Amino acid sequence: MARDEELKERWNVLVEKLSGQFADGDTLELDAIIYLVGIQELGQYHKKYKKDDKLDLMHIAICRLLEPYGYYEFEFFDEEGWPHYITKEELPALKAGEQSVLMKEAIVGYFVEREYI
């Protein structure tokens with residue numbers, strides 16, 4: 001139970017910090033934070049993105065976030081600087097709540113690794 005409480009506490013700190021920095025204090029949802037990770041990984045911050053690009057950014061983020069779990073592996077950067085990943089292992093069938101916990105755990109780990117929280 002302590003692990004769950006620690007994740008919840010770190011998640012709340014992260015959401016509050018990111019929301020203050022990127023959403024004028026409005027609370028960012030999970031999808032918005034995944035999108036921010038995608039932009040961070042791409043490194044092209046001051047660009048307008050089309051809807052398809054936004055989905056691609058979220059895909060980049062998910063690949064990067066789940067890479068430490070062995071599901072994806074970075075392959076290369078294309079000529080436009082977009083990272084590409086290969087699937088190493090298929091994701092297990094998870095219930096919605098389990099998916100959410102996995103992504104929150106991966107996101108918290110990502111930001112701890114970068115010493116943001």
Side-chain angles (χ1 to χ4, degrees):
M1 189 66 176
R3 185 172 165 257
D4 292 342
E5 285 300 315
E6 181 181 12
L7 174 60
K8 185 176 180 181
E9 195 173 298
R10 285 180 162 182
W11 177 254
N12 290 336
V13 167
L14 177 62
V15 169
E16 186 175 320
K17 191 170 180 180
L18 288 172
S19 295
Q21 188 173 353
F22 295 103
D24 297 326
D26 291 339
T27 303
L28 289 173
E29 299 291 327
L30 179 63
D31 287 348
I33 295 172
I34 291 171
Y35 174 71
L36 288 175
V37 170
I39 291 174
Q40 172 71 28
E41 287 300 304
L42 182 60
Q44 298 176 15
Y45 308 105
H46 302 292
K47 184 178 174 185
K48 290 274 186 190
Y49 293 100
K50 298 175 183 167
K51 185 177 181 179
D52 288 347
D53 291 337
K54 290 178 181 179
L55 292 173
D56 289 342
L57 285 166
M58 292 180 77
H59 178 72
I60 288 169
I62 290 167
C63 291
R64 172 58 187 89
L65 291 166
L66 296 179
E67 185 179 27
Y69 295 84
Y71 295 112
Y72 297 96
E73 182 179 324
F74 173 77
E75 191 173 26
F76 66 94
F77 287 103
D78 66 20
E79 62 280 349
E80 294 177 6
W82 287 71
H84 291 262
Y85 290 82
I86 56 171
T87 303
K88 296 280 290 181
E89 183 180 325
E90 291 298 320
L91 285 166
L94 300 172
K95 296 176 185 166
E98 294 170 329
Q99 284 180 348
S100 180
V101 170
L102 175 61
M103 291 310 299
K104 287 178 180 180
E105 184 179 85
I107 290 167
V108 165
Y110 177 87
F111 283 101
V112 165
E113 181 181 300
R114 279 158 184 67
E115 299 178 354
Y116 184 78
I117 57 169

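Fair warning: this is a prediction, and the values are worked out from it, not measured in the lab.
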When hydrophobic residues are tied together by side-chain contacts of less than 4.5 Å, even through go-betweens, does [X] share a cluster with [Y]?
| X | Y | value |
| --- | --- | --- |
| Y49 | L55 | no |
| V108 | L94 | yes |
| W82 | Y45 | yes |

For residues [X] and [Y], report the shortest heavy-atom separation together with the two atoms involved.
| X | Y | value |
| --- | --- | --- |
| S100 | L30 | OG-CD2, 4.2 Å |
| S19 | L28 | OG-N, 2.9 Å |
| G38 | A61 | N-CB, 3.4 Å |
| A106 | L65 | CB-O, 3.5 Å |

Mind checking whether [X] and [Y] have side chains closer than 4.5 Å, heavy atoms only?
| X | Y | value |
| --- | --- | --- |
| K48 | D53 | no |
| E75 | Y85 | no |
| V101 | D4 | no |
| I33 | W11 | yes |
| T87 | Y72 | yes |
| F111 | K17 | no |

Does a sphere of radius 6.0 Å around [atom1] in [X] hold more than 12 heavy atoms from other residues, nucleotides or ligands, not counting ones at 6.0 Å or beyond?
| X | atom1 | answer |
| --- | --- | --- |
| E29 | CD | no |
| D78 | CG | yes |
| E113 | CD | yes |
| K8 | NZ | no |
| E98 | CD | yes |
| K50 | NZ | no |

### With sequence neighbours excluded, residues passing side chain to side chain donor-acceptor pair (under 3.5 Å) with Q21
Y116
## Note on the structure
Sequence neighbours excluded, the answer for side chain to side chain donor-acceptor pair (under 3.5 Å) partners of E73 is K88
### Criterion side-chain contact (heavy atoms from CB on, under 4.5 Å) against M58, the qualifying member of I34, V37, I39
I34
Could you give the distance from [atom1] ([X]) to [atom2] ([Y]), rounded to the nearest 0.5 Å?
| X | Y | atom1 | atom2 | answer |
| --- | --- | --- | --- | --- |
| H84 | D56 | NE2 | CG | 8.5 Å |
| L66 | I107 | CG | CD1 | 9.0 Å |
| I60 | Y35 | CD1 | OH | 11.0 Å |
| E9 | I117 | CD | CD1 | 10.5 Å |
| L42 | R64 | CG | CZ | 14.0 Å |
| E41 | F74 | CD | CZ | 9.5 Å |

